[in-house]
There are 2 protein chains.
Amino acid sequence: MAEVTTNLSIGQVAERTGLSVHALRFYEHEGLFVNPVRRGPGGRRVYSQDDVDWLTVCIILRASGMPLPALRRYADLVRQGAGNEEERLTLMREHQAHVTAQIGRLAECLDLIRFKVGVYEDLLNPDSAGDHQCHAPIPSAAAQPTEIRIGDARVSGS
Amino acid sequence: MAEVTTNLSIGQVAERTGLSVHALRFYEHEGLFVNPVRRGPGGRRVYSQDDVDWLTVCIILRASGMPLPALRRYADLVRQGAGNEEERLTLMREHQAHVTAQIGRLAECLDLIRFKVGVYEDLLNPDSAGDHQCHAPIPSAAAQPTEIRIGDARVSGS
DNA sequence: CTAGGATCTAGAGTCGGCTCTAGGTCAAGC
DNA sequence: GCTTGACCTAGAGCCGACTCTAGATCCTAG
């Protein structure tokens, strides 16, 4: 069995994860890795494919708005090994709820945005009768202090 | 007809929009209002229902991730009055695209999260055969790096 | 031998979007 | 008259998540 232990430099990992080398060092410093990053000659970081796989998960969790402390908590649990699956499940379920809620909120916002787009389209092209339905809180814009949370998930690229 | 011009204090507006008084002053300072906020005796801010309606729109746009500069741009256009509807439409369409993309990204993330939740559920309740399908690009990434042993793999510089 | 490039550490800086503080004005109630 | 509370301005501070800098080390190529 040829131990194909991939040995990647920080630059290579940056390249294939999309994270910067700075971010990789930062993540390590923040304790987000499951296993300590190995070091090669000269104290240089050496990453395995498992590290890259873990980072891929991290990136997805981050992209969906999980804050670093929660990610660190999750990494801690995985690092501790079997036995804490319930806690991991709880953590994941909570995050799932967050993401689901966020998607719902965005969908609501999208409703207003679509409505606005429709209004301007009609205005610029009055021929086509506009029949936009908007099952959202736009007519009653003055209604309730809808609890919309500003500033939640920030996702790559932007 | 009785002039029903609602005159609201900053505190009242804060209360019914959910924004803080600090945020309201900040938004004004940032030029996010369509019309200049009136002032009452003692230089106190006086808001109309229109202001509140506009803020409601702002809140929704912010909640969907529109950055302040874009919001300011939109306010500028509205302030300038009729004639720039195309630009407003463009702005709104761009934002619509952003939000749609963001929802898509979050949905993808949710796929991994659901998968993870499923894995842990099965692990804790092995009776029910779990058949989770994950129609996302994550099968390999979701592999559990539980207890990864890092041998004394030496990194030969080669 | 020397230059270039990737890496290292520790720590400072950046950015967006508020949030808070300090010091002051003003109107109402006791 | 005095206190309280809402409001004012200008500007400082905060938070999260990086990003960048400085100065050093090390490897490889020419």
Side-chain angles (χ1 to χ4, degrees), chain A residues 7-33 36-47 51 55 58-75 95 98 102 148-158, chain B residues 7-33 36-47 51 55 58-75 95 98 102 154-158:
Chain A
N7 288 324
L8 300 164
S9 72
I10 194 169
Q12 289 172 312
V13 173
E15 199 177 329
R16 61 189 75 181
T17 59
L19 295 167
S20 70
V21 294
H22 302 294
L24 285 170
R25 289 193 277 250
F26 173 70
Y27 276 19
E28 182 181 346
H29 184 75
E30 294 295 297
L32 299 185
F33 279 85
V37 177
R38 287 171 295 149
R39 297 306 179 112
R44 298 191 171 197
R45 290 170 177 82
V46 177
Y47 298 87
D51 291 326
L55 282 171
C58 288
I59 286 165
I60 290 171
L61 293 176
R62 285 287 305 119
S64 50
M66 182 181 280
L68 292 194
L71 196 43
R72 173 163 43 228
R73 177 82 191 117
Y74 185 49
H95 186 54
H98 274 133
Q102 175 65 1
I148 287 175
R149 193 139 304 171
I150 295 182
D152 204 331
R154 184 174 315 207
V155 174
S156 59
S158 110
Chain B
N7 288 323
L8 300 165
S9 72
I10 194 170
Q12 289 172 313
V13 173
E15 200 177 328
R16 61 188 73 180
T17 59
L19 295 168
S20 71
V21 294
H22 301 294
L24 286 170
R25 288 193 277 250
F26 173 70
Y27 276 20
E28 183 180 346
H29 184 75
E30 294 294 298
L32 300 185
F33 278 86
V37 177
R38 288 173 293 147
R39 297 308 179 111
R44 299 191 170 196
R45 290 171 177 83
V46 177
Y47 299 87
D51 293 327
L55 282 171
C58 288
I59 286 165
I60 289 170
L61 293 177
R62 284 287 305 118
S64 50
M66 182 180 281
L68 291 194
L71 196 43
R72 173 163 44 229
R73 178 82 190 117
Y74 185 50
H95 186 54
H98 275 133
Q102 174 65 359
R154 262 212 288 143
V155 188
S156 42
S158 161

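Chain letters run A, B, ... following the sequence lines, proteins first and then strands; every chain starts at 1. Just so you know, these numbers use all the heavy atoms, side chains as well, and skip hydrogens, waters and symmetry mates.
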Taking the minimum atom-to-atom distance to the side chain of [X], which one of [options] wins?
{"X": "A/Ile10", "options": "D/dT21, C/dT19, C/dT7", "answer": "C/dT7"}
{"X": "A/Val21", "options": "C/dT7, D/dC18, C/dG17", "answer": "C/dT7"}
{"X": "A/His22", "options": "D/dC7, D/dT21, C/dC18", "answer": "D/dT21"}
{"X": "B/Arg25", "options": "C/dT7, D/dC8, D/dA17", "answer": "D/dC8"}

Any [X] side-chain nitrogen or oxygen under 4.0 Å from OP1 or OP2 of [N]:
{"X": "B/Ser9", "N": "D/dC7", "answer": "yes"}
{"X": "B/Arg39", "N": "D/dC7", "answer": "no"}
{"X": "B/Tyr27", "N": "C/dC18", "answer": "yes"}
{"X": "A/Arg45", "N": "C/dT9", "answer": "yes"}

Query raised in the report: Under the side-chain contact (heavy atoms from CB on, under 4.5 Å) criterion, do A/His95 and A/Ser64 qualify, and how do the steps go?
Result: CA-CA 9 Å; A/His95 186 54; A/Ser64 50; 2.7 Å; yes
Atom-pair distance ([atom1] on [X]; [atom2] on [N]), nearest Å:
{"X": "B/His29", "N": "D/dA12", "atom1": "NE2", "atom2": "C1'", "value": "13 Å"}
{"X": "B/Glu15", "N": "D/dC7", "atom1": "CD", "atom2": "P", "value": "10 Å"}
{"X": "A/Leu19", "N": "D/dT19", "atom1": "CG", "atom2": "C1'", "value": "13 Å"}
{"X": "B/Arg72", "N": "C/dG17", "atom1": "CZ", "atom2": "P", "value": "9 Å"}
{"X": "A/Leu68", "N": "D/dC18", "atom1": "CG", "atom2": "C1'", "value": "9 Å"}
{"X": "A/Glu28", "N": "C/dT7", "atom1": "CD", "atom2": "P", "value": "14 Å"}

Requested in this report: Produce a footprint string for nucleotides 23-28 of chain C: one letter per nucleotide, 5' end first; B if the base is under 4.0 Å from any protein heavy atom, S if only the sugar-phosphate is, - if neither.
Outcome: ---B--
Report task. Test A/Glu30 against every option in A/Arg72, A/Arg25, A/Arg73 by the salt bridge (Lys or Arg N to Asp or Glu O under 4.0 Å) rule and name the one that passes. Result -> A/Arg72
